[in-house]
2 protein chains.
Amino acid sequence: MFRHAGETDHASRLAFLPGLEGALMAPRGRAPRRIGQVPLYEMVDGELRQRLLQKVYPPGAMIPSEMKLAAELGVSQGTVRRALNGLVDEGLLTRRQGLGTFVPEIEDRRSLFLFFNMIGHDGQHELPPARLESCEIGAATQAEADRLALPPQSPVRRLLRVRLLRDRPTILERIVVAEAVLPGLGEGGALPDHLFRHYERSYGRTVTSAEERLRAAAASFGDAELLEIAPGTPLLEIDRLAFEAERTPVEWRRSLCNTSAHDYLVDRR
Amino acid sequence: MFRHAGETDHASRLAFLPGLEGALMAPRGRAPRRIGQVPLYEMVDGELRQRLLQKVYPPGAMIPSEMKLAAELGVSQGTVRRALNGLVDEGLLTRRQGLGTFVPEIEDRRSLFLFFNMIGHDGQHELPPARLESCEIGAATQAEADRLALPPQSPVRRLLRVRLLRDRPTILERIVVAEAVLPGLGEGGALPDHLFRHYERSYGRTVTSAEERLRAAAASFGDAELLEIAPGTPLLEIDRLAFEAERTPVEWRRSLCNTSAHDYLVDRR
DNA sequence: AAGTGGTCTAGACCACTGG
DNA sequence: CAGTGGTCTAGACCACTTG
């Protein structure tokens with residue numbers, strides 16, 4: 001309640017808790033404010049997700065303070081805080097004490113290593129450089145259209161990259177993206193090592209989650225040549241679909257890894 | 001403050017917030033209660049972890065209500081709640097509205113599937129039956145002693161199991177445990193499919209976390225025979241160290257998986 | 001000094017569960 | 001019905017950052 005009309009009337013004023021004035025007489029602001037079945041903090045959470053998705057608060061920006069958000073949304077600071085906690089836990093926001101709450105750019109995010117889990121047998125863990133082998137455009141196969149949730153035959157771009165660890169070709173990446181989502185990707189011939197950052201900066205596509213399926217596969221003759229190993233060598237295949245918010249597929253990537261000197265690390269708590 | 005002496009004087013009374021009486025005059029219980037650098041809710045968290053570890057609250061039991069804990073520990077209900085939130089998030093406790101907060105038994109825990117991630121290409125996901133192939137006792141190798149944090153040459157037990165998915169031998173498990181930690185494991189000749197539950201029920205060893213390293217490997221002649229495949233077939237090797245609280249190693253397991261019909265699934269958020 | 005997030009409290013009412 | 005966890009509020013003080 002206490003709509004705090006006027007002063008905080010931002011552009012993106014929300015259809016949030018429409019009416020619900022007065023009608024309560026408890027001595028001091030004690031009032032159940034939930035509107036339907038869904039808790040208030042979830043509504044705040046949803047509202048903030050919307051704003052992040054629509055780049056009302058773009059990457060790198062500071063969002064309004066907890067007090068300001070509370071006033072604007074007509075809830076208590078504690079409720080805003082609870083919603084923020086969830087978003088911070090997911091890595092969608094970062095708090096800096098004494099400064100404020102920020103929308104992280106992708107390299108600040110856990111994402112950098114969240115999406116790269118190969119670790120050397122000696123503990124080494126760095127994002128290795130990638131060499132672009134090929135880049136072509138074509139009509140999506142059935143599998144590609146399924147994975148990327150595209151209409152059949154949609155134009156897609158296919159990239160082939162080799163990553164070098166310790167100067168040895170170690171990972172072979174086959175990347176497929178929709179031309180409609182990331183138009184002209186890799187046309188210049190060169191591409192940054194860190195593609196997700198590129199997607200965010202150049203296309204405003206922020207990858208926030210991914211699903212990976214791992215299996216073992218034998219190196220084909222072509223793959224073996226690129227990885228400088230014998231055909232038939234066992235490789236770790238990582239089949240990954242990367243999503244932006246709302247589980248919209250952005251990229252399909254199949255990586256073939258030579259695990260003779262590196263493992264894929266998983267920490268289960 | 002307000003020690004609530006007497007009535008809640010449980011057996012396991014804690015050395016918690018030793019002194020710190022009076023000395024504050026705010027009109028109504030407003031008082032910074034933190035003792036050192038560490039927040040109160042973390043101290044509560046630590047105290048509860050202790051009790052779980054020492055089985056003061058054994059698996060399956062209900063722990064005292066938030067109000068009771070608050071009174072006993074001399075903090076507010078909100079602070080207890082915050083500590084409980086963390087433990088619940090980790091899966092160490094489970095809340096049931098209207099009932100109370102419980103120590104989950106292992107099969108209630110996420111653990112069952114937290115530690116088994118093979119999923120069929122058709123989406124099938126079940127814990128498959130295991131057949132015990134061999135069980136021997138011997139002196140720990142250097143690697144085994146390192147992994148399990150044991151003195152050199154300690155007695156260890158080595159199990160070899162085959163798991164059947166769809167009646168096909170698909171996973172080969174080499175398990176190593178310290179005899180001192182799990183004495184007599186598998187001596188009867190038969191063992192349950194779900195070893196972690198067995199560890200908890202028969203030995204009071206509760207596995208709460210694990211670290212896995214995945215790589216590709218070629219099937220040896222012996223492995224190939226057990227898995228009924230051709231030698232040299234690429235297999236997914238999962239090298240896993242399982243811990244109980246405080247990161248004490250309990251089990252070292254190397255699984256070799258035939259991934260022709262199943263993948264290892266990872267969800268990254 | 002002002003403003004931010006971080007911790008803590010007290011107390012209200014709700015929704016759910018069991019007897 | 002009483003007891004439990006679930007939500008929400010208001011307000012206090014702390015620790016940290018910038019100016």
Side-chain angles (χ1 to χ4, degrees), chain A residues 1-2 4 16-17 20 23-45 61-71 73-89 93-104, chain B residues 1-4 16-17 20 23-45 48 61-71 73-89 93-104:
Chain A
M1 85 290 299
F2 312 141
H4 297 273
F16 205 77
L17 301 176
L20 194 70
L24 289 159
M25 32 55 243
R28 318 197 48 195
R30 281 62 188 272
R33 313 277 328 294
R34 207 174 312 113
I35 223 145
Q37 305 270 38
V38 9
L40 259 190
Y41 69 86
E42 277 188 23
M43 300 174 69
V44 173
D45 174 283
M62 186 178 97
I63 72 170
S65 74
E66 297 178 353
M67 288 304 281
K68 289 216 184 75
L69 283 170
L73 301 178
V75 301
S76 78
Q77 189 247 17
T79 300
V80 169
R81 189 172 183 78
R82 174 153 184 185
L84 290 181
N85 282 339
L87 297 168
V88 167
D89 286 347
L93 291 174
T94 305
R95 289 205 181 94
R96 283 191 256 165
Q97 189 174 23
L99 280 178
T101 303
F102 296 80
V103 185
Chain B
M1 85 296 296
F2 312 142
R3 244 33 210 77
H4 298 272
F16 205 78
L17 301 176
L20 194 71
L24 289 159
M25 32 56 241
R28 317 197 49 194
R30 279 63 187 271
R33 314 277 327 296
R34 207 177 307 113
I35 223 148
Q37 305 270 38
V38 10
L40 259 189
Y41 68 86
E42 277 188 23
M43 301 175 66
V44 174
D45 175 283
L48 292 173
M62 186 178 99
I63 72 169
S65 74
E66 297 178 353
M67 289 302 282
K68 289 216 184 76
L69 283 171
L73 302 178
V75 301
S76 77
Q77 189 246 18
T79 299
V80 169
R81 190 172 181 78
R82 175 152 184 186
L84 290 181
N85 281 339
L87 298 168
V88 167
D89 286 346
L93 291 174
T94 304
R95 288 204 181 96
R96 283 192 256 167
Q97 190 173 22
L99 280 179
T101 303
F102 297 80
V103 185

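Heavy-atom basis, side chains included; hydrogens, waters and symmetry copies ignored. Quick note on labels: first sequence line is chain A, next is B, and so on, each numbered from 1.
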Rounded distance (Å) that lies between atom [atom2] of [N] and atom [atom1] of [X]:
X       : N      : atom1 : atom2 : answer
B/Leu69 : D/dG5  : CG    : P     : 8 Å
B/Leu73 : C/dT9  : CG    : C1'   : 15 Å
B/Leu99 : C/dA15 : CG    : P     : 17 Å
B/Arg95 : C/dA15 : CZ    : P     : 18 Å
A/Gln77 : C/dT4  : CD    : P     : 11 Å
A/Glu66 : D/dC8  : CD    : C1'   : 15 Å
A/Arg82 : D/dA10 : CZ    : C1'   : 17 Å
A/Met67 : C/dA2  : CE    : C1'   : 14 Å

Taking only side-chain N and O atoms of [X], does any of them lie within less than 4.0 angstrom of OP1 or OP2 on [N]?
X       : N      : value
B/Ser76 : C/dA10 : no
B/Lys68 : D/dT4  : yes
A/Arg96 : C/dT4  : no
B/Tyr41 : C/dT7  : yes
A/Ser65 : C/dT4  : yes

Residue A/Thr79, side-chain atoms from C-beta onward, closest of D/dT7, D/dC8, C/dG5
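Nucleotide nearest to A/Thr79's side chain: D/dC8.
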Assign A/Gln97 to base, sugar-phosphate, or nothing according to its heavy-atom contacts below 4.0 angstrom with the strands shown.
base
NA contact type, A/Arg81, heavy-atom cut-off 4.0 Å: base, sugar-phosphate, or nothing?
base
Please figure out whether A/Gly98 or A/Glu42 has its closest DNA chain D nucleotide nearer the 5' end.
A/Glu42
Within the 4.5 Å heavy-atom criterion, are [X] and [Y] side-chain neighbours or not?
X        : Y       : value
B/Arg81  : B/Val44 : no
A/Met43  : A/Val75 : no
B/Thr79  : B/Leu73 : no
A/Thr101 : A/Thr94 : no

Counting only heavy atoms not in B/Met62, do more than 12 sit closer than 6.0 Å to its CE atom?
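Above 12, so yes.
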